[in-house]
Protein chains: 2
Amino acid sequence: MSKCEQCIVREFSSLKALNKDELLKIAECKTSKIIKKGETIFAEGENVNGIFCVKDGICKMTKLSPNGKDQIVKLVTKGELLGQRSMISEEPANLSAVALEDMQVCFIPKTEILGFFDKNNQFSMNVMKTICGDLKLADDHMVNMAQKSVKERLAETLIYLHETFGTNTDKTLKVQLSRDELASMIGTATESCIRLLSDFNKLGLIELVGKKIVLKDIQKLKKLAD
Amino acid sequence: MSKCEQCIVREFSSLKALNKDELLKIAECKTSKIIKKGETIFAEGENVNGIFCVKDGICKMTKLSPNGKDQIVKLVTKGELLGQRSMISEEPANLSAVALEDMQVCFIPKTEILGFFDKNNQFSMNVMKTICGDLKLADDHMVNMAQKSVKERLAETLIYLHETFGTNTDKTLKVQLSRDELASMIGTATESCIRLLSDFNKLGLIELVGKKIVLKDIQKLKKLAD
DNA sequence: CCTCAACTATGATATTTATCATATAAATGT
DNA sequence: ACATTTATATGATAAATATCATAGTTGAGG
């Protein structure tokens with residue numbers, strides 16, 4: 001069982017407010033897991049009963065729309081926590097978490113976390129601030145979906161992927177989403193997404209290297225995204 | 001200065017966790033305001049420095065999209081609190097709050113509320129749960145915007161307005177939004193919204209009584225909304 | 001190395017939605 | 001009460017997007 005003290009999640013998440021003793025308590029009760037690409041960490045409607053710390057890898061948070069299509073609501077990467085909302089609301093998960101690449105995560109039971117809420121105010125405030133940040137992003141995201149065209153949303157998403165997750169040595173985007181997943185992020189049909197990528201390619205805004213994408217003209221993309 | 005003990009906001013919001021002494025402290029420092037229909041309680045980008053308790057009336061929370069159009073993100077009505085996210089995140093307001101009808105609100109300074117976070121855990125948990133609820137709604141809303149057609153969103157919104165705010169004695173919807181505002185809720189052009197209302201009218205799903213709307217066939221509307 | 005399935009790509013077409021134009025109705029101020 | 005603005009309504013058209021069809025490409029497993 002590895003220690004939590006030097007874990008990356010501790011540095012970046014709400015957990016940074018925990019002291020040595022509290023970290024030791026977590027280290028004792030946590031469960032480490034390896035999640036393979038494509039595997040589900042938890043699914044919409046499931047009772048989670050704790051939170052997951054993402055130690056490595058990226059996952060997509062999705063929600064099934066009544067029309068049967070999956071919408072990617074957001075991406076979560078190393079250093080972040082999963083399942084906080086569900087735990088606090090005492091409700092089943094509203095979103096599914098599915099690994100986009102191999103992941104290392106730790107599960108910490110609800111009982112442990114809820115104890116910290118009572119005793120460690122800084123921790124509570126951190127969690128609250130994180131969720132408030134998520135709420136702001138969700139509202140902003142909603143307005144984008146409602147007001148922007150598919151083209152604008154695609155440009156914006158490409159820039160987001162570039163700025164947030166960076167590139168490989170060959171300049172291709174590090175997070176490798178399928179065209180289908182990219183379409184599901186921007187909320188459009190797969191064919192429309194492919195077609196627009198093709199257009200962007202012809203316009204010299206991006207370059208398609210097999211299934212991978214290179215951003216060639218970020219300034220123009222930003223202008224396009226508004 | 002009226003007391004807070006019997007106030008409707010106290011019954012329905014996170015404030016219900018506060019004890020008599022705490023309520024008295026609030027009663028002393030709060031400011032009551034009358035907001036006329038159309039007036040702004042606070043605007044996007046403003047520093048709010050406290051929260052507003054909605055004692056009576058309804059307001060819209062809007063965000064300006066880069067294309068210059070206002071998107072209505074949600075409606076807030078009596079018994080609810082405004083400006084919590086901004087206060088907790090220590091950021092300017094992300095949304096504007098504008099009265100849809102005459103309102104009574106009370107302003108409670110930030111300093112007072114932050115004090116309760118330290119001393120009253122139940123209050124903290126209530127606030128956290130409220131924000132978690134907001135986050136779930138925002139995510140769901142986002143998926144709707146991304147995946148549903150304008151027609152589906154209109155049907156869904158009409159049902160929401162009916163179920164949440166009810167009807168007048170003549171069966172018309174109580175919240176009276178202009179066609180423009182309704183369009184801004186569902187994220188479409190005003191003309192498209194008007195046209196669809198007209199279609200729904202011809203199909204017998206709704207009835208247009210001047211600028212007001214009566215839902216005639218809720219079952220069919222629900223089917224339409226998915 | 002080959003085969004099958006899944007993914008990517010593109011054309012043709014239908015549907016949805018936005019935009020522009022114009023008309024009518026309702027509200028507002030003087 | 002009238003003029004002026006503002007909101008609602010509808011038609012015509014253009015633009016955006018989805019859907020259906022089909023073909024090429026890639027990658028995994030035998």
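In what follows, every heavy atom counts, from backbone to side chain, and hydrogens, waters and symmetry copies are set aside. Order of the sequence lines sets the chain letters (A, B, ...), proteins ahead of strands, with each chain counted from 1.
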Expressed in angstrom and rounded to an integer, what is the separation of [X] atom [atom1] from [N] atom [atom2]?
X        : N      : atom1 : atom2 : answer
B/Ile186 : C/dT16 : CD1   : C1'   : 13 Å
B/Ile194 : C/dT16 : CD1   : P     : 20 Å
A/Arg179 : D/dT26 : CZ    : P     : 12 Å
A/Asn67  : C/dT16 : CG    : C1'   : 15 Å
A/Arg153 : D/dA16 : CZ    : P     : 14 Å
B/Leu196 : D/dA9  : CG    : P     : 12 Å
B/Leu182 : D/dA9  : CG    : P     : 11 Å
A/Ile213 : C/dA9  : CD1   : C1'   : 14 Å

- Message: Taking any heavy-atom pair under 4.0 Å as a contact, classify B/Ser178: base, sugar-phosphate, or nothing.
- Response: sugar-phosphate
- Task: Report the C-alpha separation of B/Lys136 and B/Asp140 in whole Å, then their side-chain angles, then the decisive distance to 0.1 Å, and conclude whether the salt bridge (charged side-chain N to carboxylate O under 4.0 Å, His left out) test is met.
- Result: CA-CA 6 Å; B/Lys136 178 179 185 300; B/Asp140 291 355; 3.3 Å; yes
Does a nitrogen or oxygen in the side chain of [X] sit under 4.0 Å from OP1 or OP2 of [N]?
X        : N      : value
B/Lys69  : C/dT19 : yes
B/Ser198 : D/dT10 : yes
A/Thr188 : D/dT17 : no

- If you find the nucleotide of DNA chain D closest to A/Glu191 and the one closest to A/Lys148, which residue's nucleotide is nearer the 5' end? A/Lys148
- Assert: residue with more 5' nearest nucleotide on DNA chain D, out of A/Gly210 and B/Asp180, is B/Asp180
- Query: Starting at the 5' end of DNA chain C and moving along, which residue's nearest nucleotide shows up first, A/Leu197 or B/Lys211?
  - Reply: A/Leu197
- Is any side-chain N or O of B/Arg195 under 3.5 Å from a base N or O of C/dT19, one able to act as donor and the other as acceptor? yes
- Which distance, rounded to the nearest 0.5 Å, do you find between the NZ of B/Lys212 and the CD of B/Glu207? 13.0 Å
- Query: Looking at B/Leu182, B/Ile213, B/Val209, B/Val214, which one forms a side-chain contact (heavy atoms from CB on, under 4.5 Å) with B/Leu173?
  - Reply: B/Ile213
- Compare the minimum distances between each of D/dT19, C/dT17, D/dA9 and the side chain of A/Ser192, then state the nucleotide with the smallest one. D/dT19
- Message: Using salt bridge (charged side-chain N to carboxylate O under 4.0 Å, His left out), reason through B/Asp134 and B/Lys74 one step at a time and then give a plain yes or no.
- Response: CA-CA 10 Å; B/Asp134 287 350; B/Lys74 62 177 172 177; 3.5 Å; yes
- Message: By the definition salt bridge (charged side-chain N to carboxylate O under 4.0 Å, His left out), identify the one residue from A/Lys148, A/Lys222, A/Lys223 that meets it with A/Glu156.
- Response: A/Lys148
